[in-house]
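Quick one: the structure is below, questions incoming.
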Amino acid sequence: MIAIGAGLAVGLAGIGSGLGEKDAAAAAIGAITEDPSVFGRALIFVVLPETIVIFGLVIAIMAFFVL
Amino acid sequence: MSRVVIAGTRSSLDEAIDSFYGVEALHLIDHTTGADGFSIGSPLPHSSKASERLLKVRAMEKELGVGKGTDTAAVPVAEVRGGIESGSVESVESEVLKALDRRNDLSQRVAGLNARKAALEALSRIPVDLDLYSGYRSVASVAGTVDSDPSGALSSLKDAECFYSFDKKEGGVVAVFARASERDKAVAALSDLGFSEIEVPEGSGSPSRALDEVIQKLKAADAESESVEKELEALRAKHKTFLRATDEELSIQIAKGEIPLRIAVGDRSYILDAWVPAKRAEAVKAEIESKLGSAVHVEIEETRGRDLHEEEHAEERFKKAPTKQSNGRVAREFEYAVGLVSTPRYQEIDPTILLTIFLPLFFGFMVGDCGYAIPFIILGAYGLRKTRHKDWRAIATVLFFGGIWAFLFGFFFFGEALGMHFIGLEEELITHGGKSVSWDILLGVQFPDWFQGLMPEFVHHGEAGAEEIHHGVGKLVEVTLLLKLSVYIGLVHLMLAYICGIFNKARQHGAKEAFMEKGGWTIAFVGIVVLCYGMTCVLFNGDGFEGATLIFMVAGIAMLLVGTVVNFTKEGVQAIIEIPGLVGNILSYARLAAIGMSKAGMALAFNYIVFGMIMGISSPDFHVSTFMLIIGLVIFALLHLVVWTLAILSAGLHALRLQFVEFMTRFFDGGGTRYEPLAVKREKTISFGKEAKEAKEA
């Protein structure tokens with residue numbers, strides 16, 4: 001059960017991150033094509049939702065090693 | 001930065017511009033028309049001639065294949081200027097144009113001959129002489145190629161003489177001689193067969209003989225073309241130094257000539273505003289005045305402090321003082337990474353030096369493997385040595401320094417190379433029924449004690465309760481340790497960001513404002529860290545709500561409350577909404593461990609595939625056949641190349657993200673203007689000033 005829980009934590013968080021990033025990345029690519037100087041700022045917006053999957057990973061690791 | 005105003009007589013403008021470039025410190029503030037009765041000037045008289053010449057030089061460079069990458073010697077400025085004045089550009093142009101014209105004529109001739117050759121090749125398949133195709137009054141001839149067999153279509157043509165040759169591979173050739181009035185009908189009959197008409201070349205005799213003549217002519221043209229190319233190559237070698245030096249000199253002359261377009265110029269005088277580093281303001285003033293004497297007046301208008309109020313009260317075009325990033329040789333390479341977000345404002349800390357430390361450090365920690373580190377170091381060093389492009393230099397710098405960190409972490413902390421520990425734990429090895437591989441078992445050696453002593457030792461209690469001693473931190477074993485370490489690194493990194501934020505605000509608005517804007521968040525941050533520490537003690541260590549734990553939790557809650565109250569007065573409800581974000585920011589650093597783990601996982605699987613499954617190693621006295629050894633090593637290299645490539649992407653991007661998102665957003669606003677003083681950058685020409693300076697230094 002712990003393994004299933006850990007898998008779900010990472011998997012679902014990964015799906016969430018992916019869904020969050022897809023729109024931001026599409027918009028960012030458009031913006032960078034128009035003006036390459038916004039690369040850094042665009043990157044920040046694209047990677048913001050990525051933290052969610054790290055939360056999932058932390059929960060998975062805690063499920064495995066701490067619980 | 002100090003703002004200076006320079007006023008002078010228009011007659012001395014030419015000389016003055018040279019002086020402005022000479023001091024290498026004036027960052028011009030563009031004049032806006034009508035601001036004070038002056039209008040922007042027009043380019044210096046020699047500028048248009050210089051532009052015309054530069055155009056010619058660039059055209060010649062393009063034709064001769066001379067560019068930025070061409071290796072040429074530097075030429076003394078006087079020699080270049082003398083050459084330009086004496087009309088060398090024009091004489092070189094006529095010489096080059098002559099050769100280029102020959103080349104163009106020749107290529108046109110070759111194109112014509114090739115077309116004639118193609119037509120004759122087709123017509124030579126039909127036994128009709130060239131002179132028979134024309135010269136009739138009432139007969140018209142049509143010749144061309146077809147895609148399919150024309151015999152059927154041709155039989156339908158009455159009163160027409162038809163010749164054809166058809167081959168399934170090469171297609172067909174048709175020649176039809178019909179009444180002049182029937183010509184269109186013949187073409188229409190052939191059009192369904194994919195007919196493409198050939199213009200019959202002039203001449204007499206058989207097409208084959210004419211074809212031989214054309215081939216001879218083409219050979220002669222090729223030989224001539226070779227000689228023209230050699231001539232152009234000789235011209236390139238002869239003039240490349242002159243062209244590069246002239247290009248540089250003319251570009252400088254044009255840049256100088258266009259300065260009046262950026263300053264205020266009246267009938268008899270000019271005025272310009274510029275920023276100068278405060279430390280140099282007096283020296284610059286003295287230098288310009290000594291060079292131009294009574295023809296100029298320089299005044300230091302203001303010395304801009306770091307307080308934002310000074311900027312707010314300034315006139316619109318004087319509001320933004322440019323930012324001079326003063327970084328050392330190594331840190332300068334990281335200015336590009338900061339520039340990806342924005343140029344720092346004049347009133348804030350330049351985060352470049354912090355990125356110089358943390359970006360490679362995080363990259364190295366995430367890679368954490370000697371085997372992957374060495375190619376990174378080599379690639380980075382090669383890139384730094386070879387490339388001048390700022391994008392590639394920035395990447396090469398991260399790879400080089402990141403590679404060094406990766407090696408240090410990989411050797412002294414993780415104790416592994418290519419996903420394999422130097423010293424393996426017996427029961428986990430594939431030789432003892434486990435899944436991992438280690439260098440000592442692979443090489444069949446026992447590393448000496450001093451070598452083992454270089455790596456940290458960890459004692460683990462295995463499933464049966466037996467003690468296991470690990471040499472080096474196992475990325476997939478010491479997960480809790482790595483996770484904790486990542487979070488601690490995050491705490492230090494974020495704390496540094498909060499301190500920078502307080503420093504920035506204190507500089508911009510004073511200590512009180514700094515406390516209200518950033519102090520509250522810093523207190524809340526420390527509060528939540530202390531509170532979380534207390535909570536982990538209770539939740540995971542089983543401590544009760546007593547003693548030190550209780551103190552931690554109470555202190556944490558108190559600090560969090562104080563911080564939130566301070567923030568609430570400034571930011572309202574947002575202060576409460578963003579509290580969970582503080583924990584999120586800290587946990588975001590868990591990626592430092594996560595990326596390392598993911599790579600270790602992949603490497604473990606790949607090593608098992610190669611050594612366990614392909615080479616079939618299952619006992620300490622293993623034997624591998626040469627064939628399987630070669631196959632295994634090839635696959636080993638390919639698989640690790642995958643991990644290594646992913647390391648660049650994942651470790652590089654995540655290290656950058658931690659800097660951009662978690663770190664820089666705490667204190668960095670950006671939006672500054674880069675300090676770009678008027679200066680002449682010579683690479684292909686040597687000025688006398690520089691020569692004199694070098695001689696003096698020597």
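Atom set for the values below is all heavy atoms of this structure, side chains included, hydrogens, waters and symmetry mates excluded. First the proteins, then the strands, lettered A, B, ... as listed; each starts at 1. All figures in this text were calculated on a predicted structure; none of them were measured in a lab.
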Counting only heavy atoms not in B:Phe413, do more than 12 fall under 6.0 Å of its CZ?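 Above 12, so yes.
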
Ring pair (Phe, Tyr, Trp, His ring centres under 6.0 Å) partners for A:Phe55, two or more places apart: none

Turns out that what part of B:Leu587 lies under 4.5 Å from chain A's heavy atoms comes down to both

Given that the side chain runs from C-beta out, which part of B:Met664 has a heavy atom under 4.5 Å from chain A: side chain, backbone, both or neither?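 No part of it gets close to chain A.
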
Can you tell me how far apart CG (A:Leu57) and CZ (B:Arg591) are? Round to the nearest 0.5 Å.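 Answer for the CG-CZ pair, A:Leu57 versus B:Arg591, is 10.5 Å.
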
Write out, in numerical order, the residues from residues 650-662 of chain B with a heavy atom short of 4.5 Å from a heavy atom in chain A.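 Against chain A, the residues of residues 650-662 of chain B that fall inside the cut-off (heavy atoms, under 4.5 Å) are B:Leu653, B:His654, B:Leu656, B:Arg657, B:Phe660, B:Val661, B:Glu662.
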
Ring pair (Phe, Tyr, Trp, His ring centres under 6.0 Å) partners for B:Phe552, two or more places apart: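 Here the qualifying residues are B:Tyr533.
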
Pairs involving residues 580-600 of chain B, ordered by first then second residue, that meet ring-ring contact (aromatic ring centres under 6.0 Å, His included) (sequence neighbours left out):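 Those involving residues 580-600 of chain B are B:His493-B:Tyr589.
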
